Number of protein chains: 2
Amino acid sequence: MTGTTADPDLTATPPVARRARRHDPNRRDRLIGAALTVIAERGVAGTTHREIAKVADVPLGSMTYHFASLDEILAEAFTRHADSIARVFDERLTAARNRDEAVEAVIALVTDDLLAPGHDLVLTVELYVAAARNPRLRTVTQAWMQRSRDALEIHFDPTTAREVDALIEGLTLHSALSTDPMTPAQIRHAIERYLR
Amino acid sequence: MTGTTADPDLTATPPVARRARRHDPNRRDRLIGAALTVIAERGVAGTTHREIAKVADVPLGSMTYHFASLDEILAEAFTRHADSIARVFDERLTAARNRDEAVEAVIALVTDDLLAPGHDLVLTVELYVAAARNPRLRTVTQAWMQRSRDALEIHFDPTTAREVDALIEGLTLHSALSTDPMTPAQIRHAIERYLR
DNA sequence: TTTGCATGTGTACGAGCGTACACATGATGT
DNA sequence: ACATCATGTGTACGCTCGTACACATGCAAA
């Protein structure tokens, strides 16, 4: 009736409400998780402060408060990714009590973990590409590779460990890229052929 | 002495000389090559019209004339890359006349071609990442994989061909990522262990 | 209770980007 | 010879980006 410009009450709620402040401990952790989601969906190239903030439902300014730069977010996100895979790797191989069980552990690792439906294999390839030009990320990949090899060397000699590590890499990558991914039986066949 | 603003001669050479027009057939091809150079140096994420133009020593406007979009340049560049590797693959395996020679061909392929000093392995990983989100590039990788497998099937059964293809992928990728790349002897050992 | 500071929020700025487009030029077919 | 048009060149526009920064708020120490 009076029109929006006629109201003289300057204490009224401003037209654009300020977002309520939230108590949000471990927002930093949530942001790292959101970063991994964005990387998986849009790739490192499509990962921006604004996109991560949107996924985490957080204002843009929060990004620069918690992280000095985009590089820092990427480094922390990929570190978490590599650690989570390396931990599974460790657990499977530590649990194996002899060589035969170790072979089964490797097979299970590939078929049940690395090629599991929910597992974002593209995240690993994104890491490799990013690491090619980011020394900090190269440290992450190298530590991860070392850890994998160490776990394998619990049961296999160093030469075999290195070769199997490469084979695992190739099998997962190939399955991920193919329209016609390898079946668990084919994975088993390839690994057993190599290790038995 | 009279100062630069005192000259009334409007027919004089303008302060910024227009670049001389050049007769440049197959500039399009040169641009694709320049694109591969840029991708190898800066990654797909750092590949821009302006950067490619600078490497090829060509004005920016030339990019949009020869290619409808950046995607089109990337697709053509990666197609060239994949074809050039697939051709070597074909040649090596076609030349082999029995299984033993085929094994040697695979070893030579990895050690002498894929891991050759001048060969940009990062280009392949860049392709994989780009293909994850670009259907056109996924066609390129799948055609490439099929061609590799076909070449291997000249000498090996389909199951072996697929497994060896994956092994090659893993060996090259692993060598590329490691600070401590595998030696030719180690490559030979891994492949012979699998194929003999 | 008061106060300091870690944390949360909104916005502005300059840079680089893809792309569009107007204009220039010379090779080529007639 | 000359007209045409494929090719070559320069520049402007609108957009998104990373980052900086001023201001708000409430927990915790004193």
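A, B, ... follow the sequence lines: proteins, then strands. Residue 1 opens every chain. The shown structure was predicted, so the numbers you read here are calculated from the model rather than taken from an experiment.
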query: Do B:Arg19 and D:dG10 have a side chain to base donor-acceptor pair shorter than 3.5 Å?
result: no

- prompt: Roughly how many Å is it from CZ in B:Arg42 to P in C:dG16, rounded to a whole number?
  reply: 12 Å

- request: Check the pair A:Arg19 / A:Asp57 against salt bridge (charged side-chain N to carboxylate O under 4.0 Å, His left out), numbers first and verdict last.
  value: CA-CA 11 Å; A:Arg19 194 190 307 222; A:Asp57 187 34; 3.8 Å; yes

message: Just the rounded figure in Å: distance from C1' of D:dC17 to CD1 of A:Ile73.
response: 13 Å

Nucleotide C:dC17, atom C1' - distance to CD1 of B:Ile52 in whole Å: 13 Å

- prompt: Is the phosphate of C:dT9, meaning OP1 or OP2, less than 4.0 Å from a side-chain N or O of A:Arg27?
  reply: yes

message: Taking the basic N atoms (NZ, or NE/NH1/NH2) and the acidic carboxylate oxygens, is any pair closer than 4.0 Å for B:Arg136 and B:Asp71?
response: no

message: With a cut-off of less than 4.0 Å, is there a side-chain N or O of A:His23 near OP1 or OP2 of D:dT25?
response: no

message: Nearest whole Å is fine: how far is C:dG18 P from B:Leu31 CG?
response: 14 Å

message: Need one value for B:Ala20: base, sugar-phosphate or nothing, where a base atom within 4.0 Å counts as base even if backbone is also close, heavy atoms only.
response: sugar-phosphate

- line: Assign each of A:Met63 and B:Arg22 the nucleotide of DNA chain D bearing its closest heavy atom; nearer the 5' end lies the nucleotide of B:Arg22

- prompt: Are the charged groups of A:Arg133 and B:Glu41 less than 4.0 angstrom apart, N to O?
  reply: no

task: Looking at every strand, decide which applies to B:Thr64 at a 4.0 Å heavy-atom threshold: base, sugar-phosphate, or nothing.
output: base

task: Please report the closest heavy-atom contact between B:Gln186 and B:Pro181, naming both atoms and the distance.
output: OE1-O, 4.3 Å

- prompt: Given C:dT7, is OP1 or OP2 found less than 4.0 Å from the side-chain N or O atoms of A:Tyr65?
  reply: yes

message: Taking only side-chain N and O atoms of B:His49, does any of them lie within less than 4.0 angstrom of OP1 or OP2 on C:dG16?
response: no

Presence of donor-acceptor pair under 3.5 Å, side chain of A:Arg50 and base of D:dG18: yes

Test item: side-chain donor near acceptor, B:Thr47 and B:Arg42, under 3.5 Å: no

field: Between P of D:dT7 and CZ of B:Phe67, the distance in whole Å
entry: 13 Å

- request: Look at the side chain of A:Leu60 and decide which nucleotide, out of D:dT19, D:dG8, C:dG8, has an atom nearest to it.
  value: D:dT19

field: Rounded distance in Å - CG (A:Asp29) to P (C:dT7)
entry: 13 Å

- line: Judged by nearest nucleotide, the residue sitting upstream toward the 5' end of DNA chain C, A:Gly61 or B:Leu70, is A:Gly61

